[in-house]
Amino acid sequence: MKRNRIRDILSQTQAGGIVTVAGWARTVRSGKGVTFIEINDGSCLANIQAVAETAAHDASLGKISTGASLRVSGRLVDSPGAGQRFEIAADEIALIGAAPPDYPLQKKRHSFEFLREIAHLRPRTNTFGAVLRVRSAMAQAVHEFFRNHGFLYIHTPIITTSDCEGAGEMFSVSASGGEAAGTAHFFGKPAGLTVSGQLEAELVCMALGDVYTFGPTFRAENSNTSRHLSEFWMVEPEMAFAGLDEDARLAEDFLKHLFRAVLAECPEDMAFFDKWVFNGAIERLEKIASSGFSRVTYTEAVGLLEKSGEKFEFAPAWGADLQSEHERYLAERVFGGPVIVTDYPKDIKAFYMKLNDDGRTVRAMDVLVPGVGEIIGGSQREDDLEKLEGRLRSIGLDTAPYWWYLDTRRYGSAPHAGFGLGFERAVQFVTGMQNIRDTIPFPRVPRHADF
RNA sequence: UCCCGGGUAGCUCAGCCGGCAGAGCAGGUGGCUGUUAACCACCCUGUCGGGGGUUCGAAUCCCUCCCCGGGAGCCA
């Protein structure tokens, strides 16, 4: 079906010509003489208004209600009414799919909680259309950034038999039908869905230099919060011959690139979020895109928290993990923007992180942003075989299952570093959406995997 | 998983110190109008989350389970 996208029509400099649009009616206002139909086709936030002389059309015009799909052809003219620049003087209106009166989406505002229950229809709302357009722009920008920086895009496994990644509880994978159903383990040993592509990315990094993954990630944690999903998308770059400083710089440049890309490509959607979802969303992104991220070491951060005079539920103490309230205080009150906290005590971080010379901290970093908290976690990796084996043993892990991982330290080891970005958390930060479940079309969280 | 707050019409919510279940919006009908969250009039809409208990009587009080939201933990 030949059609003109509303986005293209509205970007024209002047009226004129015959256009055909196809989309869904957002609202219909009908009178004796004329009927106004606002159509949205998802190509942009704005609707286009079609005006029909009621008498000139058949009975199907009366069946066009909110939610119906239709096609309209007519002249694109300057609108005499306020509120829109162009409109379509409809010559032909074809109802394609009627929406009966029980169509759940009303013209007025719905709660996000309700929309989550009808996630199959919520892409048809202003907010979710905008979220999905921004999300798409950000995903494209991820690839654009790494391509521009010479990183190779690699695909790491979704199914894994290494339960040793330590990043969280795994979902198990087994055969449920066919001749394999009866076997104890389809893959010969227990298998699960990946909780991180990092370990495999490190392997390829030790050959191709600079690589990244961008794929689905699964955590079987019983987390019920506004910033956790059971299935989420993670971006994980890994750089060879690089340390924590380069890692932090990459993280900062990367985030700024994403923010600039959204500002440039989705100004209309961002204006919508700024007005209806989070006041100041645009200014916040512009400010961050043009200024440096703050940097502190963990030790300095704990010091800042201790002398802040702030009453925390949990008193900050060196050696303890930063609580959510501490992270929020740092990003929102102390630095008023993104802050990179580095060099955490080794006992509260993963085994693979590079030990500092002080013997008690590791080359780790967390990027904290206002409102969301931790958006990136990364580190320089331990590239010394003996130290890595020592770390594994000291936390009571057997080194044998890690033979392939340790081999990269055994043969031609090199310093390398990387991080993981929670893609939905980035979408959350950009749009100001409060709940991460509203940043992905069909969220998977404990008790919910519908649609 | 823990701590709070909730669950009443299709949606958003009021009613909650026990006494006839309500409003706005949506929907239907009619009217009116180059309208724009259109407007006006009328009409329709209920397992008051489920179960149990107290009571002459429970949406309202008690117990319990389920579900939702916010916060915490885990993390990205």
Side-chain angles (χ1 to χ4, degrees), chain A residues 26-38 46-54 62 65-67 77-84 87 89 99-118 125-126 165-169 195-198 214 216-236 251 276 312-314 320-328 348-350 365-369 372-378 419-429 434-440 445-448:
Chain A
R26 283 294 178 78
T27 173
V28 179
R29 294 178 290 274
S30 195
K32 194 179 285 175
V34 282
T35 295
F36 299 93
I37 307 168
E38 281 194 41
N47 305 323
I48 196 159
Q49 173 170 280
V51 187
E53 299 293 329
T54 308
S65 56
T66 300
V77 298
D78 289 313
S79 177
Q84 63 280 315
E87 63 186 25
D102 58 353
Y103 179 62
L105 289 171
Q106 298 174 11
K107 287 184 242 184
K108 69 170 203 169
R109 191 181 167 88
H110 287 289
S111 69
F112 291 141
E113 290 85 353
F114 171 68
L115 292 175
R116 262 169 236 150
E117 295 170 9
I118 52 166
T125 64
N126 285 336
E165 288 166 350
E169 297 296 319
V195 294
S196 166
Q198 181 198 317
F214 181 11
T217 309
F218 308 87
R219 304 272 169 93
E221 302 284 358
N222 191 10
S223 297
N224 292 290
T225 81
S226 58
R227 57 189 183 284
H228 285 88
L229 292 166
S230 303
E231 176 184 293
F232 64 101
W233 287 67
M234 188 152 63
V235 181
E236 296 179 284
W276 297 105
F312 293 110
E313 194 186 341
F314 297 94
D321 219 339
L322 295 179
Q323 301 283 317
S324 280
E325 56 177 341
H326 301 150
E327 295 183 342
R328 211 175 312 123
I348 58 173
K349 287 292 180 183
M365 68 164 185
D366 283 355
V367 180
L368 314 177
V369 296
V372 177
E374 184 180 347
I375 196 171
I376 281 178
F419 62 77
L421 167 87
F423 187 64
E424 285 76 15
R425 287 188 182 175
V427 176
Q428 226 185 327
F429 179 72
Q434 295 223 316
N435 195 310
I436 200 165
R437 298 169 190 201
D438 301 329
T439 63
I440 187 168
V445 295
R447 294 187 302 278
H448 294 281

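In what follows, chains carry the letters A, B, and so on, assigned in the order in which the sequence lines appear, proteins first and then strands, with residues in each chain numbered from 1.
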Polar side-chain contact Glu87(A)-G34(B) base: donor and acceptor under 3.5 Å: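 For Glu87(A), whose side chain was compared with the base of G34(B), there is a donor-acceptor pair (under 3.5 Å).
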By nearest atom, which of the nucleotides [options] is closest to the [X] side chain?
X         : options                : result
Gln323(A) : G34(B), A76(B), A72(B) : A72(B)
Val51(A)  : G73(B), G34(B), G69(B) : G34(B)
Asn435(A) : C74(B), G69(B), G34(B) : G69(B)
Arg447(A) : U1(B), C67(B), C75(B)  : C67(B)
Glu374(A) : G34(B), G71(B), C75(B) : C75(B)

Identify all pairs in which a protein N or O lies below 3.5 Å from an N or O of nucleotides 38-40 of chain B, and state each distance.
from, atom 1, to, atom 2, distance (Å)
A38(B), OP1, Lys107(A), NZ, 3.2
A38(B), OP2, Thr27(A), OG1, 3.4
A38(B), OP2, Arg29(A), NH1, 3.1

With sequence neighbours excluded, what pairs up with Arg29(A) under the salt bridge (Lys or Arg N to Asp or Glu O under 4.0 Å) test?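 With neighbours one apart ignored, the set is Glu38(A).
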The criterion is salt bridge (Lys or Arg N to Asp or Glu O under 4.0 Å); which residues satisfy it with Glu236(A), sequence neighbours excluded?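 Testing Glu236(A) for salt bridge (Lys or Arg N to Asp or Glu O under 4.0 Å), a comparison that skips the adjacent residues, returns none.
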Partners passing ring-ring contact (aromatic ring centres under 6.0 Å, His included) against [X] (at least two apart in sequence or in another chain):
X         : answer
His110(A) : Phe114(A)
Phe312(A) : His326(A), Tyr329(A)
Phe214(A) : His143(A), Trp233(A), Phe423(A)

Expressed in whole Å, how much space separates the P atoms belonging to G31(B) and G70(B)?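 G31(B) and G70(B) have their P atoms separated by 47 Å.
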Rounded to whole angstrom, note down the P distance from C16(B) over to G10(B).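 One P to the other, the span is 23 Å.
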Under 4.0 Å, heavy atoms only, any strand: does [X] hit a base, just the sugar-phosphate, or nothing?
X         : answer
Arg437(A) : sugar-phosphate
Thr35(A)  : nothing
Ala426(A) : nothing
Gln49(A)  : base
Asp102(A) : nothing
Glu231(A) : nothing

Side chain to side chain donor-acceptor pair (under 3.5 Å) partners of Asp102(A), counting only residues at least two apart: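 Side chain to side chain donor-acceptor pair (under 3.5 Å) check on Asp102(A) returns nothing, list empty.
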List the residues meeting side chain to side chain donor-acceptor pair (under 3.5 Å) with Ser324(A), not counting sequence neighbours, and say none if there are none.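 With sequence neighbours excluded, Ser324(A) shows a side chain to side chain donor-acceptor pair (under 3.5 Å) to Arg227(A), given in chain and number order.
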What protein N or O atoms touch nucleotides 9-13 of chain B N or O atoms at under 3.5 angstrom, if any, and at what distances?
from, atom 1, to, atom 2, distance (Å)
G10(B), N2, Gln106(A), OE1, 3.2
G10(B), N2, Gln106(A), NE2, 2.3
G10(B), N3, Gln106(A), NE2, 3.2
C11(B), O2', His110(A), ND1, 3.2
C11(B), O2, Lys108(A), NZ, 3.3
U12(B), OP1, Ser111(A), OG, 2.7

Does the structure show Phe232(A) stacking with A76(B), if we require the centres to be closer than 5.5 Å and the planes to be within less than 30 degrees of parallel?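 So Phe232(A) counts as stacking on the base.
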Whole angstrom is fine here: how far is it from CG in Asn224(A) over to P in G69(B)?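 These atoms are roughly 8 Å apart.
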For the pair made of CD in Glu236(A) and C1' in C75(B), what is the distance, rounded to whole Å?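 It works out to 13 Å between those atoms.
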Which atom pair, heavy atoms only, marks the closest approach of Ile118(A) to Pro104(A)?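 Shortest heavy-atom separation between Ile118(A) and Pro104(A) comes out as CD1-CB, 4.1 Å.
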Do other residues, nucleotides or ligands put more than 12 heavy atoms under 6.0 Å from the CD atom of Gln434(A)?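 Open.
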